[in-house]
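Below you'll find the structure, written out as C-alpha cells, and then a few comments.
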Amino acid sequence: MAKNESKRKNRIMSLGFKTVLIILITATVLAAICVTISYNAYSSTMDDHYKRLSSNLAKTAASQLSPDDLMRYYTEVKKIGDYDDDKYWGDEEYRAEYDKKAEAIKDAKYRKMLDTLFDIKDSNDILYLYVQKLDGDKCTYLFDADRADDRCQLGTTHEVSGPTKETKNPENGIPAFITNDAYGWLCTSMEPVKDKDGNPVALVGVDISMDEIMQDRADYLRYVILTMAAAVLLISVLILIGIHYGLIKPINLLSRAARSFVEDRSGAKKDISSIAKLSIRTGDEVETLGDSIKQMELDINSYITHLTEVTAEKERIGAELDVATHIQSSMLPSIFPAFPERNEFDVYATMDPAKEVGGDFYDFFMVDQRHLAMVMADVSGKGVPAALFMVIGKTLIKDHTLPDVDLGTVFEEVNNILCESNSEGLFITAFEGVLDLVTGEFRFVNAGHEPPFIAKSGENFEVHKIKSGFVLAGMEGMKYKSGSITVAPGDKIFQYTDGVTEATNAQNELYGMERLENALNTVVDKKPYDILPAIKADIDSFVGGAPQFDDITMLCLSFKKYMQEESDEN
C-alpha cells in the first residue's frame with residue numbers, strides 16, 4: 001500500500017512539473033514577444049513624433065525669413081573672403097577682424113530675423129537652430145541662434161557631411177533624421193527657404209535633443225522587462241499552486257474517498273463490469289483516477305439514493321431564483337401611471353429578462369419638481385452577477401443625479417465608484433436624460449449605449465445620433481460630455497437596449513434599427529402604454545420560435561405640456 005502511494009506521488013509530481021514547465025516556456029516566449037512589440041511601438045512612435053516636430057519647427061522658422069535678404073547677406077559675407085575655420089578659432093587677431101567685418105553686414109533686418117529665430121528656439125525647447133547656404137560640398141552659416149561663445153558667425157563655412165552629403169538635391173530640404181554623436185542624441189530636420197519663384201535659397205536646420213527620451217526609452221525597456229519577468233514568475237507560481245490545490249490534491253482526495261467509500265459498502269461479491277476491465281496505464285493522474293473509478297463502479301447503484309437530494313437542491317435554487325426575479329422586478333418602477341398627479345408628461349417602461357434575472361435596467365424619477373430623469377442601461381453578462389451589478393449601477397446613478405449637476409459629471413463619479421470594486425470585469429452601457437418640464441430642454445449623456453429615437457409632434461420617429469462615450473466601469477478616470485436638445489409638447493422619446501435591435505430569428509437575422517424604426521412609426525400616434533407592447537409583439541413575431549438570448553428593455557417618454565413655474569411669492 002505504501003509502495004503504491006509512493007508511485008502515485010511520483011506520477012503527480014511528474015504531471016505538475018510538466019504542466020508548469022510548458023506554461024513557463026509559453027509565458028516566457030509571449031513575454032519576450034510583448035516586450036519586443038511594445039518597445040518597438042514605443043520607439044517608433046516617439047521617433048516619428050520628434051521627426052514631425054523638428055520638421056514643423058524648421059518650416060515655421062523658414063516661413064519667417066526673407067529669401068532676398070538671405071541672398072544679400074550671403075553675397076556680402078562672401079565679399080569678405082574665404083573663411084578659415086582654423087585661423088578663426090586659433091588666431092585672435094584674425095577672429096576679431098573677421099567678426100568686425102561680419103558684424104558690419106548685420107543690419108536691423110538681420111537682427112530682427114535673428115531675434116525671431118531665438119524666440120522660436122526658446123519657446124519650443126530647440127537645442128540648435130541655424131540657417132545655412134549650400135555651395136557645392138560646403139555650407140555657409142547665415143544665422144546661428146545660439147548664445148554660446150562657440151556659435152557660428154555669419155559666413156562660417158564647413159564641409160557638408162552625413163545626410164546632407166548623402167541626400168540627393170539637399171538644397172530642397174533634408175528629411176528628419178536621428179543621430180548620436182558628440183552632441184548627444186539629436187533629431188535634425190532641414191527645410192528650405194524658397195524665393196517667390198519657388199527656388200531654394202537656404203536651409204533652416206533644427207536640432208532637438210533626444211537625450212531624455214532615449215533615457216526614458218531605456219528606462220521603459222527595463223521596466224517592461226522587469227514587469228514581464230515578475231508577471232511570468234508570478235503566473236508560474238500561481239499556476240503551480242492552482243494545479244496543486246485545484247487538480248492534484250482534489251484528485252488524490254477523490255481517489256482516497258472513493259476507495260474508502262467502496263470498502264465501507266462492498267460486502268457481497270459482484271460480477272466484474274466493463275469499468276473494472278479497463279486497464280489505464282498513462283503514468284499520471286488519469287491512471288490514478290481510473291483506478292479509483294474502477295472501485296467506485298462497484299457501488300455506483302447507491303448513487304441513485306442521492307437523486308432525491310439533488311432534485312430537492314435544484315428546486316431550492318429554482319425557488320430562490322424566483323424570489324430574485326421578484327426582487328429585481330420590484331426594484332424597477334412598475335406601477336403605471338407612474339406620476340398620476342403630473343399632467344406634463346407620460347412615461348412607460350418594460351423589461352423582459354432573457355434569464356430568471358437580467359442585467360438590463362431602466363429608471364425614471366423626479367430630480368426636483370421641474371426635472372424628470374430617465375435612465376436606460378445594459379450590464380454586460382447575464383444572470384445573477386449582472387443583476388447584482390445592475391442594482392449597484394442603478395442606485396449610484398439615481399443617487400448622483402442632483403439638480404444643477406451636469407450629467408457628464410454624474411457619469412464620471414458613477415464610473416469611478418464602479419471601477420473601484422469591479423473584480424468580475426463587468427461594465428455598463430448607459431443613457432441618462434433629464435427633461436426640464438418648464439423649458440423643454442432635454443439634457444443627456446451616453447456611455448456606449450444605443451441612440452434614442454425621437455418623434456417630434458406630428459412627425460415620425462427618427463434616430464437621434466449622438467456622440468457615445470466610453471462604457472461605465474470600463475476604465476477609471478474617463479470623462480463624459482453631456483449634450484442637449486429641446487423638445488416640445490407632443491414629442492416622444494423612445495429608448496431601449498441592444499436586446500431589441502439584436503433579437504435574432506431562426507435564420508440568424510437581426511431585428512435591426514430599420515425594423516424598429518418602421519414598427520415605431522406604425523404606432524407613433526399612440527400613448528407610451530400602447531407603444532411598448534406593440535413593439536414587443538413585433539419583435540416576437542419576427543423572432544418566432546428562436547430562443548431569447550438577451551434582455552429586452554424599452555422606455556417611452558411623452559412630453560405633453562409645459563410646467564407652469566410657481567411665482568416667487570408662492
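Heads up: numbering here begins at 1 and tracks the sequence.
Aromatic ring centres of Phe427 and Phe389: separated by at least 6.0 Å.
Remark: side-chain polar atoms of Asp498 are not paired, donor with acceptor, to backbone N or O of Glu502 under 3.5 angstrom. Put simply, the side chain of Asn521 gets close to the backbone of Glu517: a donor and an acceptor are under 3.5 Å apart. The backbone N or O of Thr36 sits less than 3.5 Å from a side-chain atom of Asn40, completing a donor-acceptor pair. Of the possible polar contacts, one joining the Asn416 side chain to the Glu412 backbone as a donor-acceptor pair under 3.5 Å is found. Checked by atom type and distance alone, the side chain of Thr401 pairs as donor or acceptor with a backbone atom of Ile397 at under 3.5 Å.
Shortest non-hydrogen contact noted between Ala473 and Leu418 is CB-CB, 3.7 Å. Residues Lys526 and Ile531 approach most closely at O-CD1, 3.4 Å, considering heavy atoms. For the pair Ala447 and Tyr480, the tightest heavy-atom approach, listed with the atom from each and the gap, is CB-CE2, 3.8 Å. For the pair Ser38 and Val224, the tightest heavy-atom approach, listed with the atom from each and the gap, is OG-CG2, 4.4 Å. Among all heavy-atom pairs drawn from Met374 and Leu555, the shortest one is CE-CD2, 3.5 Å. Residue Val367 comes nearest to Ala373 through the heavy atom pair CG2-CB, 3.7 Å, listed as atom of the first residue, atom of the second, then distance.
Side-chain N/O atoms of Glu509 and Thr504 include no donor and acceptor closer than 3.5 Å. When only modelled atom types and interatomic distance are considered, Thr429 and Asp378 share no side-chain donor-acceptor pair under 3.5 Å. A side-chain donor from one of Gln215 and Asp219 sits under 3.5 Å from a side-chain acceptor of the other. Between the side chains of Tyr511 and Asp538, at least one donor N or O lies within less than 3.5 Å of an accepting N or O. No side-chain donor-acceptor contact under 3.5 Å links Asn446 and His449. In summary, the side chains of Thr553 and Asp360 do present a donor paired with an acceptor at a separation below 3.5 Å, with no hydrogens or angles considered.
In this structure, CG on Leu30 lies 12.0 Å from CD1 on Ile25, to the nearest 0.5 angstrom. To the nearest 0.5 angstrom, Asp530 atom CG is 11.5 Å from Ile535 atom CD1. To the nearest 0.5 angstrom, Met228 atom CE is 14.5 Å from Leu233 atom CG. To the nearest 0.5 Å, the span separating OG on Ser43 from CG on Asp216 amounts to 11.0 Å. Taking OG of Ser484 as the reference point, atom CD1 of Ile466 lies at 11.5 Å (rounded to 0.5 Å). Summarising the geometry, atom NE2 belonging to His464 is positioned 4.5 Å from atom CD1 belonging to Ile485; distances are rounded to the nearest 0.5 Å.
Here the options are Lys561, Arg370, Lys560, Gln564, the test is side-chain contact (heavy atoms from CB on, under 4.5 Å), and the partner is Glu344; only Lys561 passes.
Annotation: Phe336, atom CZ; neighbour count of heavy atoms from other residues, nucleotides and ligands within 6.0 Å is above 12. Counted within 6.0 Å of CD on Glu441, heavy atoms from surrounding residues, nucleotides or ligands total more than 12; the atom is thus considered enclosed. Applying the 6.0 Å contact sphere to CD of Gln507 captures more than 12 heavy atoms from other residues, nucleotides or ligands. Open room surrounds CG on Asp404; 12 or fewer heavy atoms of other groups in view lie less than 6.0 Å from it. Heavy-atom contacts from other residues, nucleotides or ligands closer than 6.0 Å to CD of Glu476 number more than 12. Sparse packing is recorded around CE of Met475, with 12 or fewer heavy atoms of other residues, nucleotides or ligands lying under 6.0 Å away. Heavy-atom neighbours of Ile335 CD1 from other residues, nucleotides or ligands within 6.0 Å: at or below the threshold of 12.
Contact of the Leu510 side chain with the Thr501 side chain is not registered, since no non-hydrogen atoms from C-beta on lie closer than 4.5 Å. Counting heavy atoms from C-beta on, the side chains of Phe442 and Phe559 never come closer than 4.5 Å. Put simply, the side chain of Glu432 does not reach to within 4.5 Å of the side chain of Arg443, judged on heavy atoms. Counting heavy atoms from C-beta outward, Lys398 and Asp363 have side chains that approach closer than 4.5 Å. Side-chain atoms of Leu372 and Val434, non-hydrogen and from C-beta on, never get closer than 4.5 Å to each other. The shortest distance between side-chain heavy atoms of Glu450 and Phe431 does not fall below 4.5 Å. The shortest side-chain heavy-atom distance between Pro528 and Phe494 does not fall under the 4.5 Å cut-off. A 4.5 Å side-chain heavy-atom check between Leu332 and Lys394 finds at least one atom pair inside the cut-off.
With sequence neighbours left out, the side-chain hydrogen bond (donor to acceptor under 3.5 Å, both in side chains) criterion links Gln495 to no other residue. Every residue two or more places apart in sequence or in another chain that forms a ring pair (Phe, Tyr, Trp, His ring centres under 6.0 Å) with Tyr42 is listed here: Tyr220. For Asp399, the side chain to side chain contact (heavy atoms under 4.5 Å, CB included) test picks out Thr395, with sequence neighbours left out. With sequence neighbours left out, Tyr529 forms a ring pair (Phe, Tyr, Trp, His ring centres under 6.0 Å) with Tyr348.
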Discussion item. For a side-chain contact (heavy atoms from CB on, under 4.5 Å) check, start with the C-alpha distance between Leu437 and Met366, then their side-chain angles and the critical distance, and finish with the verdict.
Written reply: CA-CA 11 Å; Leu437 300 174; Met366 298 299 300; 4.0 Å; yes
Item to complete: Quick one: do Asp346 and Lys527 satisfy salt bridge (charged side-chain N to carboxylate O under 4.0 Å, His left out)? Show the steps, please.
Response: CA-CA 8 Å; Asp346 186 15; Lys527 296 180 180 181; over 6 Å; no
Item to complete: Take Thr497 and Ile552, measure what side-chain contact (heavy atoms from CB on, under 4.5 Å) needs, and give me the verdict at the end.
Response: CA-CA 7 Å; Thr497 61; Ile552 296 177; 5.7 Å; no
Worksheet item: What do the steps show when you test Glu459 against Asp491 for side-chain contact (heavy atoms from CB on, under 4.5 Å), and what is the final call?
Response: CA-CA 9 Å; Glu459 299 179 10; Asp491 294 354; over 6 Å; no
Item to complete: Any chance you could lay out the side-chain contact (heavy atoms from CB on, under 4.5 Å) test for Val375 and Phe364, step after step, and finish with the verdict?
Response: CA-CA 6 Å; Val375 180; Phe364 49 83; over 6 Å; no
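Salt bridge Asp47/Arg217: present, at least one basic N to carboxylate O contact under 4.0 Å.
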When the side chains of residues 541-550 are checked against the rest of the protein, which donor-acceptor pairs come out under 3.5 Å, sequence neighbours left out?
from	atom 1	to	atom 2	distance (Å)
Gln548	NE2	Asp352	O	2.9
Gln548	NE2	Asp550	O	2.8
Asp550	OD1	Lys382	NZ	3.3

For residues 451-458, please give each side-chain donor-acceptor pair under 3.5 Å, one per line with the distance, not counting sequence neighbours.
from	atom 1	to	atom 2	distance (Å)
Lys456	NZ	Thr486	O	2.9

